[in-house]
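Everything below concerns the one structure shown next.
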Amino acid sequence: MSEITSARLAEATGLDIYDSSIVEDANGVTYFLARRDGEKVVGSVSEGVVSGKIAGVIDDQSIVIGPCNTVNANAIRFALPWTAPVCLGLATSAGLGDRLGLATPGHIRAIRAKGGNVRPILAQQSIREMTRTQRTPQEVMDAATWGVLQEGYTDGFGSDADHLQTTDDIDVTLEVGFTFFTIDPGKHVDDEADNLDAAALAERYEKLDFAGLEISAADLTAAYSDKKFALAGGDSVGFTGDDFLRAAVKYGNAIAHVARMYRHLQAKATWPVELEVSVDETESPTTVAEHFFFASELKRLGVEWVSMAPRFVGRMEKGVDYIGDLEEFRKSFAGHVAVMRTIGPYKISIHSGSDKFSIYPETAEMTAGLVHLKTAGTSYLEAIRAIGKIDPALFRRIYDFAREHYDEDKKTYHVSADMAKVPPASAFGDHELADRIDDFDTRQALHCTFGSVLTTDGGELFKRSMYEDLLREEEIHYEMLAKHLGRHVEPFAKYAKK
């Protein structure tokens with residue numbers, strides 16, 4: 001059989017073929033991705049696994065074309081194992097969330113251009129985001145598979161079921177093949193602990209979930225109270241005075257919750273999985289001593305994890321750069337890294353990593369690549385930026401809609417945008433308005449309102465029009481994603497090892 005090229009496939013089928021997607025499986029069957037009239041389809045030459053209809057013949061072999069649905073996505077993951085997610089372990093990694101299900105090709109191009117050996121997580125979405133976008137875990141997984149096939153990306157990728165709070169959350173994401181599970185015990189963190197006096201701390205300490213911690217109150221106290229622990233690099237952490245009680249009250253129940261979630265995951269998983277622990281979306285920062293306590297107790301309980309996201313000092317607000325004293329951040333971050341090297345190794349995870357460019361170089365250097373970056377909203381913003389270029393009238397409507405809905409939609413986010421600083425779209429020409437996406441307040445308004453834009457009554461029109469625009473001019477979308485996400489992963493590429 002002569003070589004199967006995109007030109008020959010196009011001639012035989014009348015489809016636009018994604019050249020980079022043409023690939024043979026272990027049995028010599030050729031698969032490819034194509035599009036016609038804005039709709040993507042998957043094809044195979046000869047007796048492949050694609051479920052569909054014969055659309056042509058090449059070298060006396062039938063070409064079967066089928067829809068990009070879950071049946072065919074499962075079949076492709078079976079035939080081409082590199083289109084299914086894997087565990088990434090301690091490799092330097094970047095989670096690149098995709099709220100629209102259209103961004104994976106742009107993410108892969110960012111990794112290829114600027115990421116070096118950084119390993120991508122391409123199927124990433126939190127339960128909260130799935131609810132707001134009305135997407136299912138299966139849709140998130142399938143979108144990543146089709147993007148990987150489209151770009152012919154064979155280097156391996158991860159999948160992050162993000163911010164899971166219940167065992168049901170684990171079950172619905174495990175069911176569709178996720179490999180990386182981020183446990184969010186934030187509801188079990190006692191943020192008031194930082195401001196309680198000794199008597200109040202002692203009272204709350206006695207009410208902790210010691211059954212879940214599998215230790216008595218007296219034994220836990222004896223393990224930490226008035227003790228000092230050496231850290232890698234020569235520093236130490238101590239629990240003098242009320243330090244221990246404060247750490248235990250703040251994080252004790254959260255630790256017990258993570259242990260329960262971990263054991264549930266281990267009991268249910270039938271393929272390799274890995275765990276991340278995240279307490280980043282809490283009110284008060286995680287001190288270095290609290291990080292030590294949290295990690296030490298997880299280790300005592302037999303929990304294994306590959307990355308942990310403390311709540312850092314300063315403000316890690318959505319869609320904008322780090323807000324705070326950079327020197328204070330560096331000093332605190334160095335302490336967190338020392339804890340990680342003492343109890344781990346595991347990766348320090350930078351959540352809310354959308355556009356935190358000022359802290360990337362040093363976090364990459366201090367961790368020497370033992371770091372995981374997680375970003376999602378910035379990809380949605382790049383989609384909106386692309387809309388500004390492709391369809392300025394639609395951009396205007398989304399912009400004004402975001403202004404109106406920000407105050408309601410911001411309630412579950414750490415943001416501080418002021419809508420008084422976001423004039424209506426009518427105040428700007430098309431070019432000026434498109435540039436507003438780089439304005440602090442505008443970015444947060446657009447970032448927080450993605451759910452309303454994509455799912456409300458008026459938003460259904462937005463969603464349909466957005467998808468039509470982004471599919472029609474997908475190269476513009478991919479170019480913007482590759483450029484912007486490339487800025488995210490480039491600082492970490494220097495330290496990423498194979």
Side-chain angles (χ1 to χ4, degrees), residues 126-128 161-170 181-198 200-215 217 220-221 223-224 237 239 242-265 275-301 303 305 307-318 324 332-333 335-336 339-340 343 346 348-352 372 374 411-415:
S126 69
I127 293 295
R128 177 178 64 193
D162 194 17
H163 281 292
L164 307 181
Q165 298 182 337
T166 68
T167 54
D168 286 344
D169 293 343
I170 290 176
F181 295 79
T182 298
I183 306 304
D184 175 6
K187 291 182 178 179
H188 302 271
V189 173
D190 189 340
D191 278 312
E192 295 179 355
D194 284 358
N195 301 310
L196 296 177
D197 61 23
L201 285 171
E203 182 180 356
R204 292 199 186 186
Y205 180 70
E206 293 300 323
K207 296 178 180 178
L208 289 178
D209 180 10
F210 288 105
L213 290 168
E214 300 177 16
I215 194 172
L220 187 61
T221 299
Y224 292 96
V237 292
F239 294 89
D242 294 332
D243 292 340
F244 163 68
L245 283 179
R246 208 171 301 281
V249 169
K250 187 173 180 180
Y251 288 118
N253 289 338
I255 293 165
H257 178 70
V258 171
R260 283 192 295 270
M261 294 280 279
Y262 171 75
R263 286 170 186 153
H264 180 86
L265 175 63
L275 190 80
E276 175 173 88
V277 181
S278 168
V279 291
D280 70 303
E281 292 194 357
T282 54
E283 291 300 321
S284 60
T286 308
T287 67
V288 173
E290 289 166 349
H291 181 174
F292 181 89
F293 173 74
F294 202 124
S296 295
E297 285 304 289
L298 287 180
K299 189 171 185 177
R300 178 183 64 79
L301 289 165
V303 176
W305 68 98
S307 56
M308 180 175 287
R311 164 65 160 86
F312 297 114
V313 296
R315 287 153 56 195
M316 303 283 277
E317 293 192 6
K318 301 295 184 181
S332 174
F333 191 81
H336 288 298
V339 172
M340 172 266 285
I343 298 177
Y346 50 88
I348 298 291
S349 188
I350 304 173
H351 282 214
S352 300
H372 176 61
K374 186 175 297 193
K411 291 179 179 178
T412 56
Y413 289 109
H414 291 283
V415 287

- Message: Is the positively charged end of R128 above the ring of Y413, judged by distance under 6.0 angstrom from the centroid and angle within 45° of the axis?
- Response: yes

- Item | Sub-4.5 Å side-chain heavy-atom contact between P310 and D280 | no

- Assert yes or no for the condition that the ring centre distance of F293 to Y224 is strictly below 6.0 Å. yes

- Query: Is it true that F244 and Y205 have ring centroids separated by less than 6.0 Å?
  - Reply: yes

- Note on the structure: For D194 and R246 the tightest heavy-atom approach is O-NH1, 3.3 Å

- Message: Between D162 and K374, is there a side-chain heavy-atom distance shorter than 4.5 Å?
- Response: yes

- Is it true that E214 and R263 make a salt bridge, defined as a side-chain N closer than 4.0 Å to a carboxylate O? yes

- Query: Rounded to the nearest 0.5 Å, how far apart are CD1 of I343 and NZ of K299?
  - Reply: 7.0 Å

- Message: Has H264 got a side-chain atom pairing as donor or acceptor with D168's backbone, closer than 3.5 angstrom?
- Response: no

- Query: How far apart are the C-alpha atoms of V237 and H291, what are their side-chain angles, what is the distance that settles it, and do they pass the side chain to side chain contact (heavy atoms under 4.5 Å, CB included) test?
  - Reply: CA-CA 10 Å; V237 292; H291 181 174; over 6 Å; no

- For residues F312 and H336, establish whether the separation of their ring centroids is below 6.0 Å. yes

- Message: Looking at every non-hydrogen atom in both residues, tell me the closest pair between V277 and L275 and how far apart they are.
- Response: CG2-CD2, 4.2 Å

- Query: Between the side chains of K250 and S284, does any donor sit under 3.5 Å from an acceptor?
  - Reply: yes

- Item | E281/R311 salt bridge by N-O under 4.0 Å criterion | no

- Query: Quick one: does E290's side chain have a donor or acceptor within less than 3.5 Å of a partner on T287's backbone?
  - Reply: yes

- Message: Can a side-chain donor-acceptor contact be found between K318 and S352 if the only test is distance below 3.5 angstrom?
- Response: yes

- Item | H351 and E276: CA distance, side-chain angles, deciding distance, side chain to side chain donor-acceptor pair (under 3.5 Å) verdict | CA-CA 11 Å; H351 282 214; E276 175 173 88; 2.7 Å; yes

- With distance as the sole test, does D169 use its side chain to make a donor-acceptor pair with the main-chain N or O of T166 at under 3.5 Å? yes

- On a heavy-atom basis, the closest approach of S307 and Y346 is N-CB, 4.3 Å

- Answer yes or no: is there a side-chain heavy-atom contact under 4.5 Å between M308 and L298? yes

- Message: Go through it in stages, so that I can follow the logic: the residues are F294 and T286, the test is side chain to side chain contact (heavy atoms under 4.5 Å, CB included), and I'd like the CA-CA distance, side-chain angles, deciding distance and then a yes or no.
- Response: CA-CA 10 Å; F294 202 124; T286 308; over 6 Å; no

- Message: Contact between L213 and R300 at the side-chain level, heavy atoms closer than 4.5 Å - yes or no?
- Response: yes

- Message: For a quick test of reading the model, state the closest non-hydrogen atom pair linking G186 to T282 and the distance between them.
- Response: CA-CG2, 4.2 Å

- Message: Taking the side chain as everything from C-beta on, heavy atoms only, tell me whether E283 gets closer than 4.5 Å to H414.
- Response: yes

- How many angstroms lie between OG1 in T182 and CD1 in I127, if you round to the nearest 0.5 Å? 11.0 Å

- Task: Determine the minimum heavy-atom distance between I170 and M261, stating which atoms define it.
- Result: CD1-O, 3.5 Å

- Under 3.5 Å: donor-acceptor pair, side chain of D197, backbone of A200: yes

- Item | Residue pair N253 / D209: nearest heavy atoms and the distance that separates them | OD1-N, 2.9 Å

- Starting from the C-alpha separation in whole Å, work towards a yes-or-no answer on side chain to side chain contact (heavy atoms under 4.5 Å, CB included) for W305 and Y262. CA-CA 9 Å; W305 68 98; Y262 171 75; over 6 Å; no

- Message: When you compare the side chains of S278 and D184, does any donor N or O come within less than 3.5 Å of an acceptor on the partner?
- Response: no

